[in-house]
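The next block holds one structure in the form of structure tokens; read it before the comments.
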Amino acid sequence: MAAPLRGGGRSAFGGSGGLRSFCTCRIFMSAMFLVLFLATLSALFSSHQDSTLPSSGSTYVHHTYVALNSDPLKTRLDLIYKQANDHIAVLNAYAAYARKLKLDTSRQLKLFDDLAKNFSDLFTKPNYQASLFEPEGAMDEDVLRQFEKEVKDRVKIARLMIVESKENYDNQLKIQKLKDTIFAVNDLLIKAKKNGALASEIAARSTPKSLHCLAMRLVGEKIAHPEKYKDEEPEPEFEDPTLYHYAIFSDNVIAVSVVVNSVVKNAQEPSKHVFHIVTYRMIVAAMKVWFKMRPVPGGACVEIKVIEDFQFLNASYVPILRQSKLAKFRTSTIGGENSSRDDASTNSKNSNTLSVLDHLRFYLPEMYPKLHKILFLEDDVVAQKDLTGLWNIDMSGKVNGAVETCFGPFHRYAQYLNFSHPLIKEKFNPKACAWAYGMNVFDLDAWRRERRTEEYHYWQGLNEDWTLWGSGTLPAGLVSFSSTTKSLDKSWHVLGLGYNPGISMDEINNAAVIHYNGKMKPWLDIALNQYKNLWTKYVDNDMEFVQMCNFGL
């Protein structure tokens, strides 16, 4: 039999004594929480009286307490005060922005400043200060209502001014941005033009690969078959004054062939035409091989010479040769004791433009002493009609027959000569009409009689320091033939196909000679496409070397 338990009524908690102990503990804990809660409330009350809430404690309790215990009039005043200050800041911002844009809004600026000052003055009124901002007792609601009304009136005026000004400022900002954009685009356009001009200059002055290839192929042909290309005796036609003689001075084989082909194909009697071609020594072999391989049709004659064949063309006689040597010497002594930097730079620039081949046109009577008339053609022209009528023009005793190029104030002597120089100013009229090289008929007898070569020597010698004109042969021609030039009908010679895309096709089709003067030569990639076919149709595309050198015409 089991023994009875001692203590007769004990539970798991240790009997009645344990239960009492547990209850006492719970009561004690509850009392402690109550004391802590009361202490917290006491701290909150005391902090409110000091207008400073404790940094510790529940945020939720803090916000709830402030919301329940704050003065509604004080909250209302704070909102009104904040609204007024916000509008003061906006007014000051618009005034500052107007000053930055430098707008003609002096009246508006004064209104902005006055309204912002009225807001500030409103806060400092004695009655508002005493009743609202520094009250000794309860806040006066009537005064607050009056303060609110005055603030709202000012806010209404401020908003109307802001709305009115905002559109004006936005437009000014758009205008300023547009000006900035235009300035930036214009800057880019100027840079693009400069780069384009530089690229065009490089393209115009460089020898295309196809031209170099053609010259090399022709020279190679002569080396491979020397017996086929021996020099022949001069033909009697070369000095026959009854025939039609042309002078072409160039180092461009394909261009010269186009000039000759275009003249012959449009001539009524090709066999009466004689072409005098002068070139550099390094090109003469290629030029001779070309016309040997591709004889001119119709029986026309071609004479090919080099500058050195004319022995009178030496530095002691020709001013341009002396100036060329002097320019090269000065260029090689840049920085020396006898040459300033500016002088060296000027001579270096002009030494590149001293082409003896270009200046041969001033020695035609001495180069061809037995001829009476000669037609000078540059290598960038194309003949479209029979040119024999030029030999029948009455020159009226003049030396040079040329087409005048002036229109309005353009292409007159003032554009080519330095009229600040006393000699130029004394001898020439700045409004005199200029004429064109490219197709010129010269009466060689009148030239010899008027001693035009000596006139050229005189002016070219005076221009050794480049003070009369810059460079080129046209200014030298203008001063040398100023009183001895006969104006030809404009249909004989139409210019501008190397730079002007707006020439009328009717004018071009009616022209006897078209001239690709300018940088966009027809054998270059930069040529004007609308005129290129007028040149390419005279290119001998059947010539094997033209095909091999990929002219892409």
- Within 45° cone of Tyr437 ring axis and under 6.0 Å: Arg361 NZ or CZ: yes
- Message: According to side chain to side chain donor-acceptor pair (under 3.5 Å), who are the partners of Asp379, at least two apart in sequence or on a separate chain?
- Response: Ser250
Without placing hydrogens or testing angles, list every side-chain donor-acceptor pair under 3.5 Å for residues 409-417, not counting sequence neighbours.
from, atom 1, to, atom 2, distance (Å)
His411, ND1, Tyr416, OH, 2.8
Arg412, NE, Gly408, O, 2.7
Arg412, NH1, Lys431, O, 2.8
Arg412, NH2, Gly408, O, 3.0
Tyr413, OH, Leu478, O, 3.0
Gln415, OE1, His411, N, 2.0
Gln415, OE1, Arg412, N, 3.3

- Task: Hey, could you give me each pair passing disulfide bond (SG atoms under 2.5 Å apart) that has a residue in residues 403-457? Not counting sequence neighbours.
- Result: Cys406-Cys433
- Determine, for Lys292 against Glu232, whether the closest basic-nitrogen to carboxylate-oxygen distance falls under 4.0 angstrom. yes
Please table the atom pairs, donor to acceptor, closer than 3.5 Å between any side-chain atom in residues 502-514 and protein atoms at least two apart or in another chain.
from, atom 1, to, atom 2, distance (Å)
Ser504, OG, Asp506, N, 3.2
Asn509, ND2, Met505, O, 3.0
Asn510, ND2, Asp506, O, 3.0

- Could you tell me which residues satisfy side chain to side chain donor-acceptor pair (under 3.5 Å) with Glu235, sequence neighbours excluded, listed by chain and number? none
- Message: Please determine whether a side-chain nitrogen of the Lys or Arg among Glu303 and Lys305 lies less than 4.0 Å from a carboxylate oxygen of the Asp or Glu.
- Response: yes
- Could you list all the side chain to side chain donor-acceptor pair (under 3.5 Å) pairs where at least one residue sits in residues 179-189, not counting sequence neighbours? Gln176-Asp180
- Item | Short N-O contact, Asp240 and Lys370, less than 4.0 angstrom | no
- Item | Mutual orientation of the aromatic rings belonging to His273 and Tyr244 [parallel < 30°, tilted 30-60°, perpendicular > 60°] | tilted
- Query: Would you say the ring centroid of His457 lies under 6.0 angstrom from that of Tyr317?
  - Reply: yes
- Rounded to the nearest 0.5 Å, how far apart are CG of Asp445 and NZ of Lys373? 9.5 Å
- Would Asn266 and Tyr538 count as having a side-chain donor-acceptor pair, cut-off 3.5 Å? yes
- Residues Lys521, Asp380: salt bridge by 4.0 Å N-O rule: yes
- Item | Donor-acceptor pair between Glu239 and Tyr368 side chains, under 3.5 angstrom | no
- Is there side-chain contact between Val259 and Val381, with heavy atoms separated by less than 4.5 Å? yes
- The residue among Phe442, Phe275, Phe238 that forms ring pair (Phe, Tyr, Trp, His ring centres under 6.0 Å) with Tyr246 is Phe275
- Message: Side chains of Trp447 and Thr453: any donor to acceptor distance under 3.5 Å?
- Response: yes
- Parallel, tilted or perpendicular, as decided by the 30° and 60° cut-offs, for the rings of Trp459 and Phe428: tilted
